[in-house]
Amino acid sequence: MLKIEAIIRSTKLQQVKKELEKIGIVTFSSFEVKLSGISHGLLSGGKPGALKTSALIPKTKIELICRDKDRVTEAIAKGAKTVQVGDGIVYVCPIAHLMKIKNGKLDENAI
């Protein structure tokens with residue numbers, strides 16, 4: 001069992017949703033988040049190369065639990081990709097234990 005989290009451009013959420021639906025993933029969570037980081041800027045006088053802290057940028061975070069990371073991460077990347085800086089990131093974390101509250105099913109049976 002794996003938990004996949006992705007931070008994407010908010011404008012790409014519907015396209016990512018469509019790509020996930022194509023591979024049978026219809027359940028996931030999404031959250032509005034703000035991302036801060038380091039970006040390459042301009043030195044005073046317009047010279048390139050300075051590093052500066054970026055402003056808080058609104059993004060969307062997606063979380064889901066699955067068995068097949070390859071198909072899911074590919075679907076997210078396909079839906080989110082613009083080939084520009086800031087497209088986002090996808091990461092995969094193992095889940096040690098999972099319980100479905102409704103019926104008490106555990107681990108693989110709870111997905």
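All values below come from the heavy atoms of this structure, side chains included, with hydrogens, waters and symmetry mates left out. For the single chain, residues carry numbers from 1 onward in sequence order. Remember, it's a predicted structure, so these values are computed and weren't measured experimentally.
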Taken to the nearest 0.5 Å, the spacing of Lys34 NZ from Ile7 CD1 works out to 14.5 Å
Do Ile4 and Lys69 come within less than 4.5 Å of each other through their side chains, counting heavy atoms only? yes
Donor-acceptor contact below 3.5 Å, side chain Asp87 vs main chain Val83: yes
Is there a side-chain contact between Val92 and Glu5 in this structure, where contact means two heavy atoms from C-beta onward sitting under 4.5 Å apart? no
Mind listing the closest non-hydrogen atom pair of Val72 and Cys66 along with its distance? CG2-SG, 3.9 Å
Side chains of Met99 and Lys105 in contact at under 4.5 Å (non-hydrogen atoms): no
Counting only pairs under 3.5 Å, give me each side-chain donor-acceptor contact of residues 20-31, with atom names and distances, residues two or more places apart or in other chains.
{"residue": "Glu21", "atom": "OE2", "partner": "Lys17", "partner atom": "NZ", "Å": "2.6"}
{"residue": "Lys22", "atom": "NZ", "partner": "Glu19", "partner atom": "OE2", "Å": "3.3"}

If we ignore hydrogens and angles and just use 3.5 Å, is the side chain of Asp107 paired with the main-chain N or O of Leu98 as donor and acceptor? yes
Interatomic distance, Leu35 atom CG to Ile8 atom CD1 [nearest 0.5 angstrom]: 12.5 Å
Value rounded to 0.5 Å, distance of SG in Cys93 from CD in Glu63: 9.0 Å
Flag side-chain contact, heavy atom, 4.5 Å: Arg9 against Thr60: no
Any link between Ile111 and Leu2 through a network of hydrophobic side chains (Ile, Leu, Val, Met, Phe, Trp, Tyr) touching at under 4.5 Å? no
Would Leu106 and Lys100 count as a side chain to side chain contact (heavy atoms under 4.5 Å, CB included) here? Give the steps. CA-CA 6 Å; Leu106 300 175; Lys100 194 164 197 172; over 6 Å; no
Can Ile57 and Lys59 be said to form a side chain to side chain contact (heavy atoms under 4.5 Å, CB included), step by step? CA-CA 6 Å; Ile57 301 167; Lys59 298 281 186 175; 3.9 Å; yes
Between Glu108 and Arg67, is there a side-chain N and carboxylate O pair less than 4.0 Å apart? yes
Common cluster, Leu13/Val90, ILVMFWY with side-chain heavy-atom separation under 4.5 Å: yes
